[in-house]
Protein chains: 2
Amino acid sequence: MATGRTHRPATRSRGIPEATVARLPLYLRALTALSERSVPTVSSEELAAAAGVNSAKLRKDFSYLGSYGTRGVGYDVEYLVYQISRELGLTQDWPVVIVGIGNLGAALANYGGFASRGFRVAALIDADPAMAGKQVAGISVQHSDGLEKIISDNGVSIGVITTPPGVAQAVCDRLVAAGVTSILNFAPTVLTVPDGVDVRKVDLSIELQILAFHEQRKAGEEAAANENAVPAPAGRADSTDQGPDGDVPAVMPA
Amino acid sequence: MATGRTHRPATRSRGIPEATVARLPLYLRALTALSERSVPTVSSEELAAAAGVNSAKLRKDFSYLGSYGTRGVGYDVEYLVYQISRELGLTQDWPVVIVGIGNLGAALANYGGFASRGFRVAALIDADPAMAGKQVAGISVQHSDGLEKIISDNGVSIGVITTPPGVAQAVCDRLVAAGVTSILNFAPTVLTVPDGVDVRKVDLSIELQILAFHEQRKAGEEAAANENAVPAPAGRADSTDQGPDGDVPAVMPA
DNA sequence: CCATCTTTGTGCACGCGTTCACAAAGACAT
DNA sequence: ATGTCTTTGTGAACGCGTGCACAAAGATGG
């Protein structure tokens, strides 16, 4: 998973646990695949396997939405697709703006998964005047001067930030001031927002670092079988030999 | 946050809770910024604010690593940077391969956050013969025929998958067979891997769907103040009016 | 109509993660 | 040396999420 958890204090939104909400898109994807293969019904066991979760967990998750299954049979695929879509708010159209059209911004603009799921890229915005007018994913990039107008004209409530970290907070502030209340942040920065605004964070390098931790542990276990030496790192390395380099959060593509 | 949690059964790896491991990169980033500003020490309160977490949580997290603070003073920034880096395994160099050089793959290849944190892009791999030899982020793209040799020659243990979902599992299988034991998956697919292999998943569209859920709830609360009608959706919509379209998991950029 | 079989929906217990609140530890001044 | 003040490190309580295991519900067949 990515990372963000700059989220509401785990307030159980309308009775549906946050953990369940996070899994609904997973179920929806699996159900959609079944729907295309014209499978009429599916048991919790089968669907759980397809979504990569435990069947008991899946049933409990669905129980928060209501009693949509039939005992002895399973769940009606089409019906469940509709119910989950409705619950997630995907039956309506969500206009989205992407701010910062670098490599990552362009990748997102081209990402088919958005358009097909109720999200519509309303505008691509970049601060570089040279980018203005350029076509990306069939959409003309607009200069950030017009950000506020774009937001209000299109009724945008969801913004995606793919700018360098240095300007992310400033962009965020402008988005929020213009009326955006949900932000998906790809910049490696902690965003501060007023109450009522949701921020989710996707941090590419954090994911790798977590993998590295486990990878190191795997390697360490084999080595640990040999030596039985001091597990404690000994007092204060006073190191001048830390990481490879100074290592700024690193400028993002855009 | 992103999504993946296809993870070990919450086994507490060497005493450090999984939740803590996931926050260490956050602390590391904040500490690195302080280090650059030559700040010598920092209190748990200050650092917690910079990382966007609770100070009690931060102290407890650090307590799993050892007693690295000084009461009445705080934490030595440089020392803590070193300790966390070491704990995460970032003091060594991790060669990484990226498979699937589309928009997203290219974005990742260009992403500075990798190289600066102990990760080195050892190779870019794509199945399209037309891509072979092309330069992306200063690295020559190689054809996927040579995948196994590239992995073993470079001692790669971490692989990043940015392919279309249809081939993700096949790529994953080849990576694992070649010796990769950690995978970061951007393809919207559930990957099946043998024991001992870690998979983390970043799903861009899932993050947006979660935001949409909360966005809808916010909008719904205002509306709910007015009407007091049936909250239940009434029996079985039998809808032919589900989502915008058939909606496959959507082919990824690459 | 009854018996059997399948699969859901959920009560319950357990464990992880978070937060509070405070004692212990050290810095610093006198 | 002693006292005060700051900040860490952690014991304990609480709440959320997970998984087990089973009763209830419905399908299906005789």
Given [options], identify the nucleotide with an atom nearest to the side chain of [X].
X	options	answer
B:S63	D:dT18, C:dT10, D:dT10	D:dT10
B:A19	C:dC20, C:dG17, C:dG9	C:dG17
B:S43	D:dT8, C:dT18, D:dC20	D:dT8
B:R59	C:dA21, D:dG17, C:dT18	C:dA21

Practice prompt. Check step by step if side chain to side chain contact (heavy atoms under 4.5 Å, CB included) holds for A:I183 and A:D198.
Written response: CA-CA 6 Å; A:I183 290 177; A:D198 277 309; over 6 Å; no
Could you check how far [atom1] of [X] sits from [atom2] of [N], rounded to whole Å?
X	N	atom1	atom2	answer
A:D61	C:dG9	CG	P	12 Å
B:L47	D:dT7	CG	C1'	14 Å
B:K57	C:dA21	NZ	P	17 Å
A:F62	C:dT8	CZ	P	10 Å
B:E46	D:dT6	CD	C1'	12 Å
B:L58	D:dT10	CG	C1'	14 Å
A:D76	C:dT8	CG	C1'	15 Å
B:Y64	D:dT10	OH	C1'	10 Å

Practice prompt. Compute whether any side-chain donor of one residue and acceptor of the other, for A:T41 and A:D76, lie under 3.5 angstrom apart.
Written response: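 Side chains of A:T41 and A:D76: no pair found under 3.5 Å.
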Please tell me if [X] has a side-chain N or O lying less than 4.0 Å from either OP1 or OP2 of [N].
X	N	value
A:R23	D:dT18	yes
A:Y75	C:dG9	yes
A:S44	C:dT7	no

Is there a donor-acceptor contact under 3.5 Å from the side chain of [X] to the main chain of [Y]?
X	Y	answer
B:S85	B:V81	yes
A:T70	A:V73	no
B:K218	B:F213	no
B:Q216	A:R86	yes

Fill in: Contacts of A:N54 that satisfy side chain to side chain donor-acceptor pair (under 3.5 Å) - sequence neighbours left out
none
Discussion item. Quick check on the 6.0 Å ring-centre criterion: do B:Y75 and B:F62 meet it?
Written reply: yes
Item to complete: Give the intermediate values and the outcome of ring pair (Phe, Tyr, Trp, His ring centres under 6.0 Å) for residues B:Y82 and B:Y79.
Response: CA-CA 5 Å; B:Y82 170 75; B:Y79 183 58; 7.2 Å; no
Item to complete: Test side chain to side chain contact (heavy atoms under 4.5 Å, CB included) on B:T192 and B:Q169 and set out the steps.
Response: CA-CA 7 Å; B:T192 304; B:Q169 181 65 59; 4.0 Å; yes
Kindly give the atom pairs (protein nitrogen or oxygen, nucleotide nitrogen or oxygen) under 3.5 Å for nucleotides 11-15 of chain C.
{"from": "C:dG11", "atom 1": "O6", "to": "A:K60", "atom 2": "NZ", "distance (Å)": "3.3"}
{"from": "C:dC12", "atom 1": "N4", "to": "A:K60", "atom 2": "NZ", "distance (Å)": "3.2"}

Item to complete: For nucleotides 24-30 of chain D, just jot down a letter per nucleotide in 5' to 3' order: B, S or -, based on protein non-hydrogen atoms under 4.0 Å.
Response: BB-S---
